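To start, the structure under review is shown below, and the notes come after it.
Letters A, B, ... mirror the listed sequences (proteins, then strands); counts begin at 1. Values in this document were obtained by computation on a predicted structure and should not be read as measured data.
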2 protein chains.
Amino acid sequence: MSQQRQGSTPGDAGVVPAFPDLPEATIARLPEYLRALHHLAETGAETVSSEGLAAAAGVNSAKLRKDLSHLGSYGTRGVGYDVTLLIDQVEYILGLDKNRAVCLVGVGNLGHALAGYAGFASRGFRVVALFDADQGKVGDTVNGLVVRHIDELPQVAAEESIAIGVIATPPGSAQAVADVLVAAGVTSILNFAPGVLSVPPNVDVRKVDLAIELQILSFHEHRKASLTALPGGRSAPAGNQEAVGS
Amino acid sequence: MSQQRQGSTPGDAGVVPAFPDLPEATIARLPEYLRALHHLAETGAETVSSEGLAAAAGVNSAKLRKDLSHLGSYGTRGVGYDVTLLIDQVEYILGLDKNRAVCLVGVGNLGHALAGYAGFASRGFRVVALFDADQGKVGDTVNGLVVRHIDELPQVAAEESIAIGVIATPPGSAQAVADVLVAAGVTSILNFAPGVLSVPPNVDVRKVDLAIELQILSFHEHRKASLTALPGGRSAPAGNQEAVGS
DNA sequence: CGCGATTTGTGCACGCCTTCACAAGCGCCT
DNA sequence: AGGCGCTTGTGAAGGCGTGCACAAATCGCG
Ligand SMILES: NC(=O)c1ccc[n+]([C@@H]2O[C@H](COP(=O)([O-])OP(=O)(O)OC[C@H]3O[C@@H](n4cnc5c(N)ncnc54)[C@H](O)[C@@H]3O)[C@@H](O)[C@H]2O)c1
Ligand SMILES: NC(=O)c1ccc[n+]([C@@H]2O[C@H](COP(=O)([O-])OP(=O)(O)OC[C@H]3O[C@@H](n4cnc5c(N)ncnc54)[C@H](O)[C@@H]3O)[C@@H](O)[C@H]2O)c1
């Protein structure tokens with residue numbers, strides 16, 4: 001099924017297999033597995049069973065095994081998965097061994113928080129530049145980085161080989177910023193501004209919209225309320241996430 | 001993620017139509033439709049075609065029609081959808097007519113930004129309380145709200161009928177905070193801390209993990225790079241989102 | 001009053017994803 | 001050496017979501 005060659009035994013030097021094409025749903029879960037794996041590694045575990053890792057990541061164990069099987073056979077039957085080996089594999093697949101350069105546009109309320117977020121660096125990303133259009137903010141230092149004017153973006157992006165851009169500007173400016181990023185060669189965008197961005201097909205956009213998340217929760221509140229209010233009176237369950245804590 | 005069905009059909013007249021059980025995928029798109037509808041309403045449009053609304057929301061028109069058909073028939077063939085009517089319907093379904101009370105736990109870097117976010121109020125939510133465990137922060141005023149100690153959460157939650165809680169604490173505290181929220185009667189949680197929360201089945205949890213989003217983008221960067229580098233040399237497209245701008 | 005243009009609502013087929021269930025493989029213990 | 005228990009990897013089935021294509025419905029106009 002997988003057209004890729006799998007390295008035989010650990011110890012095989014950094015030879016990388018052909019790039020497998022993973023299902024999108026699997027890709028979205030790999031980061032969660034990776035986080036759980038790092039946690040396990042810190043506690044000294046050398047191997048994990050699919051059951052254990054699945055619990056730590058909050059998913060079904062069968063799903064986890066199928067996901068991992070897409071990367072190749074990195075488990076040992078009767079034993080489990082080698083934690084360190086699996087971490088390396090997942091990080092390789094996700095391209096995290098490159099320590100990717102990221103730039104942030106819009107150093108306002110939210111941008112300030114993002115610029116100071118330690119979770120970037122610890123998970124394989126380097127924020128290398130901050131941009132804003134407000135001259136009052138240009139020149140400020142945030143978390144050791146100087147805020148530059150957005151007009152400098154193309155030059156800086158080229159110098160630093162920035163492939164990922166984060167948009168934290170007001171919605172009205174988001175499309176314009178996206179256009180600047182795309183023109184500068186950025187091929188991945190994480191957008192915090194509500195609204196739909198229009199970009200060329202070779203550019204990937206992911207959106208984080210806080211209000212949407214809350215509205216989805218609001219819907220479920222509404223649903224739960226209408227259920228308990230109805231004759232049945234059953235407080236019907238609606239499980240969402242469950243797993244063992246640390 | 002998860003949810004459950006159970007669409008009882010109360011034949012007797014409630015104040016409102018029977019609560020439809022919508023596909024989870026549809027629910028996730030309704031907020032985007034709503035945002036697009038509000039935008040249209042501001043520009044003075046009275047009706048929209050499925051094609052027009054779909055473009056504004058960045059989705060396929062057939063998908064949009066099917067989504068809306070689940071709420072009932074609120075369109076007019078040959079004409080389109082009445083913008084105002086549809087806004088009311090979607091807002092009702094999402095439970096946004098309740099102006100839901102939200103509390104925020106963890107007034108740090110990120111919490112500060114969230115507390116000052118205007119996008120909450122404008123989309124049907126009221127941040128009514130801020131909590132932190134750090135005595136150095138308790139008493140501070142952020143965006144007109146006083147930061148309270150987390151020990152006061154149960155009392156405040158009851159007084160204000162808080163059903164939705166937002167967690168913006170470090171990962172190590174997230175589960176403990178979730179437990180406090182659940183004990184206080186909160187039944188929906190939006191979690192910004194990486195990791196899996198364990199909650200009772202009647203509590204809904206949604207997670208926003210910035211690093212995961214970046215890692216997914218990183219994967220696609222990796223994939224795109226390996227494609228262009230390989231013999232085939234085909235720069236295969238990988239569209240993600242696309243739609244016309246405003 | 002009827003007709004054509006337009007747009008909704010949906011039946012249907014297809015593909016992706018999830019989940020079950022189990023054979024194959026591996027290590028350990030006797 | 002052999003058997004036994006444990007765990008992976010995967011075939012198969014079922015469910016869900018998507019998108020096409022079209023009949024039904026409505027409006028405007030002659
Ligand atoms: N604050 C939050 O908690 C929060 C939460 C979710 C989403 N958002 C969204 O994130 C975005 C930013 O929110 P915020 O609260 O930080 O707003 P903000 O107004 O505090 O900051 C926006 C920043 O973007 C800069 N900017 C404006 N136009 C620009 C341009 N063309 N190029 C470069 N920089 C430009 C402004 O100078 C400002 O510094 C908004 O779209 C908002 O809806 C914010
Ligand atoms: N800053 C960001 O841009 C960002 C982005 C994505 C995710 N996150 C995540 O959001 C969370 C918060 O990030 P941050 O940068 O704001 O961290 P922070 O350290 O600046 O703030 C955390 C706050 O939580 C409070 N806190 C700690 N334990 C608590 C408890 N038990 N009860 C109540 N309050 C408690 C602390 O006093 C502090 O004020 C972290 O989990 C982080 O991984 C942050």
* To do: Whole angstrom is fine here: how far is it from CG in A:Asp67 over to P in C:dC17?
  => 10 Å

* Donor + acceptor pair across side chains of B:Arg35, B:His38 (<3.5 Å) -> no

* Structure fact -> Here the distance between atom C1' of C:dT8 and atom CG of B:Leu85, to the nearest Å, is 14 Å

* Asked: Counting side-chain heavy atoms from C-beta on, which of D:dT8, C:dT7, D:dG17 comes nearest to A:Arg65?
  -> D:dT8

* Structure fact -> Sorted by position of nearest nucleotide on DNA chain C, 5' first, the leading residue of A:Lys63 and A:Thr76 is A:Lys63

* If you measure from CD on A:Glu213 to OG on A:Ser218, what distance do you get to the nearest 0.5 Å? -> 13.0 Å

* Asked: Choosing from D:dA23, C:dC17, D:dT10, which nucleotide comes nearest the side chain of A:Glu24?
  -> C:dC17

* Where the side chain of A:Ser73 is defined as all heavy atoms beyond and including C-beta, which of D:dG9, D:dT7, D:dT18 is the nearest nucleotide? -> D:dG9

* Asked: If you take atom types as modelled and just measure distance, does the side chain of B:Arg77 reach the base of C:dT8 with a donor-acceptor pair under 3.5 Å?
  -> yes

* Assert yes or no for the condition that the ring centre distance of B:Tyr81 to B:Tyr33 is strictly below 6.0 Å. => no

* Asked: Within the structure, does a side-chain N or O atom of B:Tyr81 lie under 4.0 Å from either OP1 or OP2 of C:dG9?
  -> yes

* B:Ser50 side chain near C:dT7 phosphate (N/O to OP1/OP2, under 4.0 Å) -> no

* Checking only heavy atoms, does the side chain of A:Lys66 share a donor-acceptor pair with the base of D:dT10 at less than 3.5 Å? -> no

* To do: Using atom CG of A:Leu64 as one end and atom P of D:dT7 as the other, report the distance to the nearest whole Å.
  => 14 Å

* Between A:Gln175 and A:Ser198, does any side-chain donor sit less than 3.5 Å from a side-chain acceptor? -> no

* Taking only N and O in the side chain of B:Asn60, is any of them less than 4.0 Å away from OP1 or OP2 of D:dC20? -> yes

* To do: Measure from the side-chain heavy atoms of A:Ala62 and tell me the nearest of D:dA21, C:dA21, D:dT7.
  => C:dA21

* Could you state the CG-P distance from B:Leu71 to C:dT8, rounded to the nearest angstrom? -> 14 Å

